[in-house]
Amino acid sequence: MRNHFPNNHRLIGILNDTGNYDLKFDYKSPMNILAKVLLGLGILISIISLIKGNWILPIVFVFFGMILLVDFKLKEKKEINLFTDKLLKYHKTEYD
């Protein structure tokens with residue numbers, strides 16, 4: 001969310017060879033590391049649970065993981081659209 005504390009996402013634009021920006025949306029530094037650690041821990045716990053014959057825990061991890069992934073992708077799409085709209089509006093006023 002823009003102008004909201006804590007804001008755990010960032011939008012990065014990298015200039016490519018054609019002069020256009022490649023936009024990347026991800027978590028900020030502490031949250032990015034935490035997300036990777038939790039993903040690895042969840043996979044490890046799921047594998048151990050499947051070996052022991054417990055199917056409930058991996059299903060719960062996959063269900064909540066999919067909810068988080070869908071939420072992240074929706075935020076990504078929304079923020080990139082807002083950024084590009086504001087950038088185009090800025091360029092339009094620059095040339096007027």
Side-chain angles (χ1 to χ4, degrees):
M1 295 176 70
R2 293 162 311 284
N3 300 327
H4 185 267
F5 180 80
N7 190 0
N8 293 326
H9 299 95
R10 65 182 176 174
L11 184 64
I12 301 171
I14 301 169
L15 191 63
N16 60 16
D17 296 336
T18 61
N20 296 326
Y21 284 98
D22 293 328
L23 296 176
K24 180 180 169 187
F25 185 80
D26 64 349
Y27 291 111
K28 285 186 178 177
S29 181
M31 187 69 174
N32 191 14
I33 295 169
L34 181 65
K36 289 177 183 176
V37 168
L38 289 178
L39 177 66
L41 188 62
I43 291 171
L44 181 67
I45 290 172
S46 296
I47 290 171
I48 291 171
S49 295
L50 287 173
I51 290 172
K52 290 187 175 187
N54 185 1
W55 287 85
I56 301 295
L57 199 56
I59 291 172
V60 170
F61 278 149
V62 168
F63 180 72
F64 284 118
M66 293 302 289
I67 289 173
L68 290 174
L69 180 66
V70 168
D71 179 53
F72 181 78
K73 289 298 181 181
L74 288 174
K75 284 181 185 177
E76 175 183 18
K77 185 176 181 180
K78 178 183 172 185
E79 291 297 324
I80 288 176
N81 285 338
L82 283 170
F83 175 73
T84 54
D85 288 344
K86 289 189 183 226
L87 186 65
L88 290 174
K89 188 174 161 183
Y90 171 72
H91 281 297
K92 184 178 177 182
T93 58
E94 187 178 281
Y95 289 114
D96 286 342

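Worth saying up front: this structure is predicted, and the values here are computed from it rather than measured.
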* Do Asp26 and Arg10 come within less than 4.5 Å of each other through their side chains, counting heavy atoms only? ->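 Heavy-atom side-chain distance check passes, below 4.5 Å.
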* pair Leu23-Thr84: side-chain heavy atoms closer than 4.5 Å ->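 Heavy-atom side-chain distance check passes, below 4.5 Å.
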Rounded to the nearest 0.5 Å, how far apart are [atom1] of [X] and [atom2] of [Y]?
{"X": "Leu74", "Y": "Leu69", "atom1": "CG", "atom2": "CG", "result": "9.5 Å"}
{"X": "Leu57", "Y": "Ser49", "atom1": "CG", "atom2": "OG", "result": "4.0 Å"}
{"X": "Asn54", "Y": "Ile59", "atom1": "CG", "atom2": "CD1", "result": "9.0 Å"}
{"X": "Asn20", "Y": "Ile14", "atom1": "CG", "atom2": "CD1", "result": "13.5 Å"}
{"X": "Tyr21", "Y": "Leu87", "atom1": "OH", "atom2": "CG", "result": "8.0 Å"}
{"X": "Tyr90", "Y": "Phe83", "atom1": "OH", "atom2": "CZ", "result": "11.5 Å"}

* Structure fact -> With Ile45 as partner, the option from Ile43, Ile48, Leu41 fulfilling side-chain contact (heavy atoms from CB on, under 4.5 Å) is Leu41
* **Any residue meeting salt bridge (Lys or Arg N to Asp or Glu O under 4.0 Å) with Lys73, in chain and number order, not counting sequence neighbours** =>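 Listed in chain order: Glu76.
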* To do: Check salt bridge (Lys or Arg N to Asp or Glu O under 4.0 Å) between Asp71 and all other residues, then give those that pass, not counting sequence neighbours.
  =>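 Applying salt bridge (Lys or Arg N to Asp or Glu O under 4.0 Å) to Asp71 gives Lys75.
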* Any chance CD1 of Ile56 has more than 12 other-residue heavy atoms, nucleotides or ligands included, within less than 6.0 Å? ->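 Not more than 12 within 6.0 Å, no.
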* Asked: Under a 4.5 Å side-chain heavy-atom rule over Ile, Leu, Val, Met, Phe, Trp and Tyr, are Met31 and Leu11 clustered together?
  ->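 Per the 4.5 Å side-chain linkage, Met31 and Leu11 are co-clustered.
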* Can Leu44 be reached from Ile47 by stepping across I, L, V, M, F, W or Y side chains whose heavy atoms are under 4.5 Å apart? ->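 Each belongs to a different hydrophobic cluster.
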* Is a side-chain donor or acceptor of Asn81 paired with a backbone partner of Lys77 at a separation under 3.5 angstrom? -> yes
* List the atom of Phe61, the atom of Gly42, and the distance in Å for their closest heavy-atom pair. =>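 Shortest heavy-atom separation between Phe61 and Gly42 comes out as CD1-O, 3.8 Å.
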* For Phe64, what residues pass the ring pair (Phe, Tyr, Trp, His ring centres under 6.0 Å) criterion, not counting sequence neighbours? ->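 Partners of Phe64 by the ring pair (Phe, Tyr, Trp, His ring centres under 6.0 Å) criterion come out as none, since no residue qualifies.
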* To do: For the pair Trp55 and Leu50, evaluate side-chain contact (heavy atoms from CB on, under 4.5 Å) and give the outcome as yes or no after the intermediate values.
  => CA-CA 6 Å; Trp55 287 85; Leu50 287 173; 3.7 Å; yes
* Asked: With under 30° as parallel and over 60° as perpendicular, where do the rings of His9 and Phe25 fit, or are they tilted in between?
  -> parallel
